[in-house]
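The figures that follow rest on heavy atoms only: side chains count, while hydrogens, waters and symmetry mates do not. Quick caveat: nothing in here was measured; it's all calculated off a predicted structure. Residue numbers start at 1 and run along the sequence shown.
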Amino acid sequence: MPSFTVFRGSNDGRVLKSITTKPDVLEGDSVLISVTASGVCGTDLHYRKRDMVLGHEGVGIVVDLGPGVKYLKKGDRVGWGYETDSCGHCLECLDNAEIYCKERSIYGGSRTVDQGSFASHAIWREAFLHPIPETLSDEHAAPLQCGGATVYTALQGVKPTDTVGIMGVGGLGHLAIQFAAKMGCRVVVLSGSDRKQEEAAGLGAHKFLVSKDLDSQVRGDSWLINRLLVTTSVQPEWEKVMPLMAPRSCIYPLSASTGNLSLPYMGLLLHGVRVQGALVASRGVHRQMLQFAAFHNVKPIIEKFPMNEKGITEAMDRLESGQIHFRAVLVPM
């Protein structure tokens, strides 16, 4: 019975080292992966006080294959994200939307006892593993498996003539700015302060608006937003944001947050503004995202921590207190 190290949450929030034991022989299209990097996502904080293996932004090297594996070989670099299985037969699965399959396996909802990316190894189905392009390092590829996939999904269908608004310059927002800019869109950033204005411009933003000053900044402004990606967990003053939205535009709330989303009713009605939910990427969009990121040099800005109890605890503590500069990545040391 092969065993490998995993790191779990606990009732008191401590990160605990544990051992997972698996059968000697892999079955079906299962793939054993040696984990070389894992992103630390805001969603991981929600499960820190649960007795489960943490992490869902994994990258690693294939070390063993089940008899049903057809395309991967030992030594390949692969990644995985929020979803790791689905039924494969329902309409959602057949329509490239398996993330909404009723029998899906997603982080925090299934395989929680022994599987995660905060680990030395992991075993997943070949069908839900994604080849990592050569020009992406393991450390830079890891945050793309969820953070990158999430914002890229919300940008599907945008046109180079569109103006894309990014609310928040953080772990998701700094990736959204890069993707939207490389897609040829005009990029408007909305932030709580001007502290990150210069950095946002360096990532590709064309215009920077401070949320508290929107009343004075948008007067006479012709840069109406066709698609707004909300990457902050704290809701803005929507009464000030709605005048920025173009007719028939769309708002994508992307951060996981409790409570209700409250928007001005008449602003939606009079201008045909839509609100669209989105939950990371389908497998097809995920792979397109990796190829796009590799070709256009879209990379997360990262801070690295060792993949051990101390390193994971420090990374999660700093993420929870807002001290991580965009993305934390765990690496074996």
Side-chain angles (χ1 to χ4, degrees), residues 2-22 32-61 63 77-84 105-124 132 136-150 170-172 174-175 233 255-256 280 299-333:
S3 299
F4 52 83
T5 301
V6 295
F7 296 92
R8 318 174 66 88
S10 63
N11 291 336
D12 59 6
R14 288 183 301 143
V15 175
L16 303 177
K17 181 179 178 179
S18 182
I19 299 296
T20 286
T21 301
K22 292 291 188 181
L32 175 63
I33 307 148
S34 175
V35 180
T36 55
S38 173
V40 182
C41 179
T43 306
D44 296 320
L45 298 177
H46 298 312
Y47 297 110
R48 185 173 183 172
K49 293 187 177 181
R50 280 181 55 178
D51 180 17
M52 58 174 274
V53 182
L54 299 170
H56 62 285
E57 292 184 331
V59 171
I61 298 171
V63 295
R77 290 194 309 145
V78 294
W80 74 92
Y82 198 73
E83 184 182 26
T84 52
S105 293
I106 59 175
Y107 179 60
S110 55
R111 303 291 297 273
T112 59
V113 175
D114 58 357
Q115 288 281 98
S117 60
F118 294 7
S120 65
H121 295 75
I123 297 174
W124 301 113
I132 303 299
L136 280 175
S137 69
D138 296 354
E139 293 90 343
H140 286 119
L144 297 178
Q145 305 307 313
C146 178
T150 296
L172 291 178
H174 91 290
L175 289 170
S233 55
S255 295
V280 299
K299 293 180 179 178
I301 295 171
I302 64 172
E303 294 184 47
K304 291 193 287 186
F305 299 84
M307 182 85 79
N308 55 38
E309 288 171 307
K310 181 179 178 181
I312 296 170
T313 299
E314 182 183 0
M316 296 189 80
D317 285 347
R318 290 187 57 196
L319 178 61
E320 194 161 18
S321 61
Q323 297 177 355
I324 292 292
H325 190 55
F326 296 135
R327 299 296 295 197
V329 175
L330 305 170
V331 293
M333 290 186 179

_Donor-acceptor check, side chain of His140 to backbone of Leu136, threshold 3.5 angstrom: yes or no?_
no
*Is there a donor-acceptor pair closer than 3.5 Å between any side-chain N or O of Arg318 and the backbone N or O of Gln323?*
yes
*CA sep, side-chain torsions, deciding dist, call: Cys146, Val280, side-chain contact (heavy atoms from CB on, under 4.5 Å)*: CA-CA 6 Å; Cys146 178; Val280 299; 3.9 Å; yes
*Option among Tyr47, Trp80, Trp124, Phe118 that satisfies the ring pair (Phe, Tyr, Trp, His ring centres under 6.0 Å) test with Tyr107*: Tyr47
*Hey, does Val59 have a side-chain heavy atom less than 4.5 Å from the side chain of Ser38?*
no
*Ser18 OG to Glu309 CD distance, which is reported to the nearest 0.5 Å*: 10.0 Å
*Heavy atoms only: give me the nearest Asp44-Met316 pair and the separation to one decimal.*
O-CE, 3.6 Å
_Please evaluate residues Ile33 and Val78 with respect to the criterion side-chain contact (heavy atoms from CB on, under 4.5 Å), reporting the C-alpha separation (whole Å), side-chain torsions for both, the decisive distance (0.1 Å), and the verdict._
CA-CA 8 Å; Ile33 307 148; Val78 294; 4.2 Å; yes
*Counting N and O atoms only, with roles assigned by atom type, does the side chain of Glu303 sit under 3.5 Å from a partner on the main chain of Val329, one being a donor and the other an acceptor?*
no
_Distance-minimising heavy-atom pair for Pro143 and Arg327_ = CB-NE, 3.6 Å
*Find the distance between CD1 (Ile132) and CD1 (Ile61) and round it off to the nearest 0.5 Å.*
11.0 Å
_For Ala141, is there any backbone N or O sitting under 3.5 Å from a side-chain donor or acceptor partner on Gln145?_
yes
*Report the distance from atom NE2 of His56 to atom SG of Cys41, rounding to the nearest 0.5 Å.*
3.5 Å
*Could you tell me whether the side chain of Glu139 and the main chain of Lys304 form a donor-acceptor pair under 3.5 Å?*
no
*State, to 0.1 Å, how close Ser117 and Gly55 come at their nearest heavy-atom pair, and which atoms those are.*
OG-C, 2.8 Å
*Please report the closest heavy-atom contact between Leu175 and Gly148, naming both atoms and the distance.*
CD1-N, 3.7 Å
*asked:* Between Arg48 and Val15 (side chain of the first, backbone of the second, donor and acceptor by atom type, cut-off under 3.5 Å), is there such a pair?
replied: no
*Any salt bridge (charged side-chain N to carboxylate O under 4.0 Å, His left out) pairs touching residues 7-20, not counting sequence neighbours?*
Arg8-Asp51, Asp12-Arg14
_Worked check of side-chain hydrogen bond (donor to acceptor under 3.5 Å, both in side chains) between Thr21 and Ser3_ = CA-CA 4 Å; Thr21 301; Ser3 299; 3.2 Å; yes
*Check whether any side-chain heavy atom of Phe4 lies under 4.5 Å from a side-chain heavy atom of Lys22, and answer yes or no.*
yes
*Could you pull out the closest heavy-atom pair between His174 and Ile301, with the gap in Å?*
NE2-N, 2.9 Å
*Hey, is the main chain of Ile123 close enough, under 3.5 Å, to the side chain of Gln115 for a donor-acceptor pair?*
yes
*asked:* Would you say that Val40 contacts Leu330 through its side chain, given a criterion of any heavy-atom pair below 4.5 Å between the two side chains?
replied: yes
*Mind checking the CG-CG spacing from Leu45 to Asp317? Nearest 0.5 Å is all I need.*
9.0 Å
*asked:* Using 0.5 Å steps for rounding, measure from the CE atom of Met307 to the OG1 atom of Thr36.
replied: 8.5 Å
*Give, for atom CG of Asn308 and atom OG1 of Thr5, the distance between the pair rounded to the nearest 0.5 Å.*
11.0 Å
_Exercise: identify the closest heavy-atom pair between Phe7 and Ala119_ = CD1-N, 4.2 Å
